[in-house]
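Heavy-atom basis, side chains included; hydrogens, waters and symmetry copies ignored. Atoms within a ligand are numbered from 1 in the order they appear, just like the ligands themselves.
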Amino acid sequence: MQDTSFAIHPGKEKKLKDQTFHDIGNLKQFIQRDQVFAFQTEKAYVNVIFYRDDIVRVVMNPHQEPELNNSFAVEQGPDSVDVKVDEQEDMLVLSSEHVKVQVCKEPFRINVLDTKGYSLVSDATQGMGFNNDGHVICFKKAYQDDHYYGFGEKTGFLDKRGEKYTMWNSDVYAPHNPETDPLYESIPFFMTLRRGRATGIFFDNTFKTTFNMKVEQSETYSFEAEGGQLDYYVCAGPSPKEVLEQYTALTGRMPLPPKWGLGYHQSRYSYKTDAEVRELVQNFVDKEIPVDAIHLDIHYMNGYRVFTFDQNRFPDPKKLIMDMKEKGIRAVPIVDPGVKVDAEYSIYQEGITNDLFCKYLEGNIFFGDVWPGKSAFPDFTKESTRKWWGESHKFYTELGIEGIWNDMNEPAVFNETKTMDVDVMHDNDGNPKTHRELHNVYGYLMGEATYNGMKELLDQKRPFLLTRAGYAGVQKYAAVWTGDNRSFWEHLEMAIPMCLNLGVSGVAYSGPDVGGFAHDTNGELLTRWTQFGTFTPFFRNHSAIEFVYQEPWQFGEKYEAIIKKYIQLRYKWLPHIYKLFKEASETGVPVMRPLFMEYPDDEETYQLSDQFLIGSNVIIAPVLRPGVKDRIVYLPKGIWHDYWTGETYEGGQRIIAHAELDHLPIYVKSGAILPEANVKPSTAHDVDEMTIHIYPSENGALYELYDDDGETFNYQQKEYFTLELNVKQSSDAVLIDSKVSHQQYKPKWKEIAYKIHGVSSKDTIIYNGENISDVKVQEGYVSFKKAW
Ligand code: GLC
């Protein structure tokens, strides 16, 4: 070819990847258009918008005026915020009631400060920029005492300082070790905690993004995307809980899940036949181990065709599901996105006929191999696909199914890249974009389609949805489980910070596969893992094909008895856990919390990866190693009660908790009030005995007990029950004020057994003004009963 023009083909030049960083330069122009402060610099366009007094959005586009209505996660536009503009010689200062944004002119830099001038988020020496490959990047100042949390679902310990993370939803079967990154979820959000002061940054970009928090040398961190705009929000805090409230005001909050979703779930890849499922259910019934859901993994289907049951193995799914429901147990089938290529399969036919699958620009469908073999993938970025997919769940709801498990929705494909080709186009409701840009929202949109479809079909009953993949805001649709972990003690340990950081990232409803998915578990590991699972927001035991079965009874009576005790404990704690879910649905503050969330001024809590809080005042400290019977527990300031023995400890110290195999260390803080239900076989059976534990404190104690029907959205129409408790303690008396504050729903329990801890028979107990003389005195507490 030397004699053709090919000899001078430009492609023959040595191609250099152009990583040169272009700073966006100095400010050239500024105008204000309503809420939008629009800046033009030498090389880019930047918009600053106050979403609220305490939330600021910054968008940089190197090529044109920023696009502002392009978010998948943020559904609402900005509030109208009163912003003062002060133009100075070298900067503009935009101030709301809570934050000041300094826009420096030469070079153009953005610093967000609180009203006292304390830096929240400041550009580093290098600020915003881009390179010729379309990457956008932002460098921020890192401080010596910065700690970073969140980033969604990541391996490793709690504090992410010194780490570098990528967001690209990936199916990773193994190994999930501290450098395995990324995993299934992409939540480009993190929180900085610096000497008690918290700030959040949400980088709303669906391309592959990278967060470089290796700050030690450079005193700089950065976030970068492979394309799109540099589009981020600063959530000004000041407390970690306020950051969560701000972040979830943007990306949405979890609606209340059905109560049954909070019970114990049993799963296996796979319970393969009707008979196997029936036997499993009967075992739970016979052994009196509570259970709310059995998950059906891929073998329930006919040749892995979603929206089918295998007729030989499950000849009458409707009957099976009805029989299970009679026992108070639900079935949750897995639904993957891959649709088997089969001309005689209605879902495939509909997808083709109505043009609902992902295609290349040229019009040919993208096919990839997953469980069913060659498959097509619904284009969830298209309204008609979401609607079709949602409506197709009629197949399940008509069988009596109320919960769905979405898996492989990164999407996972069995090929080298593990996913769809990045140049596949997505319709994106008429604004086509490549998979390279929308990969990270594929699972999120599948969740949206499924949740909304189920909600519609269930006639306003709350659907349960579990997902593996997601993007920021996934909490609106689904619970998240942390994918294919292994039956390693290390993975039990890792699950704590992973779920805590998911909580910091807005996902209040998460949990790992209890017992570990792959690898063979054993009695001790399953027992310790179940103890931990009792207090994870999502509680499911799941194990993989070819490994040992790990139902609660598989390792002999000794382990079965302890595992049963802890599953029962979950049901006892459900009223409190449910109340915490209600709180999460209103504020975004997670159910399972890192200690720093309640004690942001206590630096001892910043690195605590092996213990956590349930709500604000209960510490759970699982045992995480084989053979270990003692562990260190950090108790922050305050008085703490051993949940089991009543022994009290002064906080602000580490204690050694002795924990034989049947013992999970739990500490309750003075000032806590905790409701407890009587144990039932599942949440389908009404709680009819209510106990309220009171741990009085001189600082007082407040609690609002919450209950509703647990399965409809009627609570949104105020059909719920609340009981307010206000407890005061003096040197020799405890005063309890109890008042039903809302009663548009009536719980089944008629009276409450109060148990007051840490007091003696000498203390006077006054309940709603009445001196209670007939208290029962037990070791560590006194008790009495009252009708509500
Ligand atoms: C994936 C899921 C796992 C499931 C398996 C078979 O590996 O992560 O939970 O059991 O697929 O469907």
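Not a single heavy atom of Tyr173 sits less than 4.0 Å from an atom of ligand 1. Between Tyr304 and ligand 1 there is no heavy-atom distance shorter than 4.0 Å.
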What side-chain donor-acceptor pairs closer than 3.5 Å can you find for residues 332-344, not counting sequence neighbours?
| from | atom 1 | to | atom 2 | distance (Å) |
| --- | --- | --- | --- | --- |
| Asp336 | OD2 | Trp371 | NE1 | 3.4 |
| Lys340 | NZ | Pro372 | O | 2.7 |
| Asp342 | OD1 | Glu344 | N | 2.8 |
| Asp342 | OD2 | Arg305 | NE | 3.1 |
| Asp342 | OD2 | Arg305 | NH2 | 3.0 |

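The protein atom (non-hydrogen) at minimum distance from atom 10 (O) of ligand 1 is Asp297 OD2, 2.5 Å. Nearest protein heavy-atom neighbour of atom 9 (O) of ligand 1: His542 NE2, 3.1 Å. Looking from atom 2 (C) of ligand 1 to the surrounding protein, the closest heavy atom is Asp407 OD2, 2.9 Å. Closest protein heavy atom to atom 7 (O) of ligand 1: Asp484 OD2, 2.7 Å.
Every atom of ligand 1 with a heavy atom of Trp371 under 4.0 Å away is listed here by number and element: 6 (C), 11 (O), 12 (O). Under a 4.0 Å criterion applied to the non-hydrogen atoms of Ile334, ligand 1 contributes the atoms 12 (O).
Residues His299 and Tyr269 bring their aromatic ring centres within 6.0 Å. Between Phe202 and Phe190, the gap from one ring centroid to the other reaches at least 6.0 Å. Less than 6.0 angstrom separates the ring centroid of His265 from the ring centroid of Phe464.
Among the atoms of Arg468, some N or O lies under 3.5 angstrom from an N or O of ligand 1.
Using a 4.5 Å heavy-atom threshold, the side chains of Lys359 and Asn364 count as separate.
Cation-pi check for Arg486 over Tyr173 is met; the charged atom lies under 6.0 angstrom from the ring centroid and within 45 degrees of its normal.
The only option from Asp407, Asn406, Asn409 that meets the side chain to side chain donor-acceptor pair (under 3.5 Å) definition with Thr467 turns out to be Asn409.
Residue contacts with ligand 1, taken as heavy atom pairs separated by less than 4.0 Å, do not involve Tyr184 at all.
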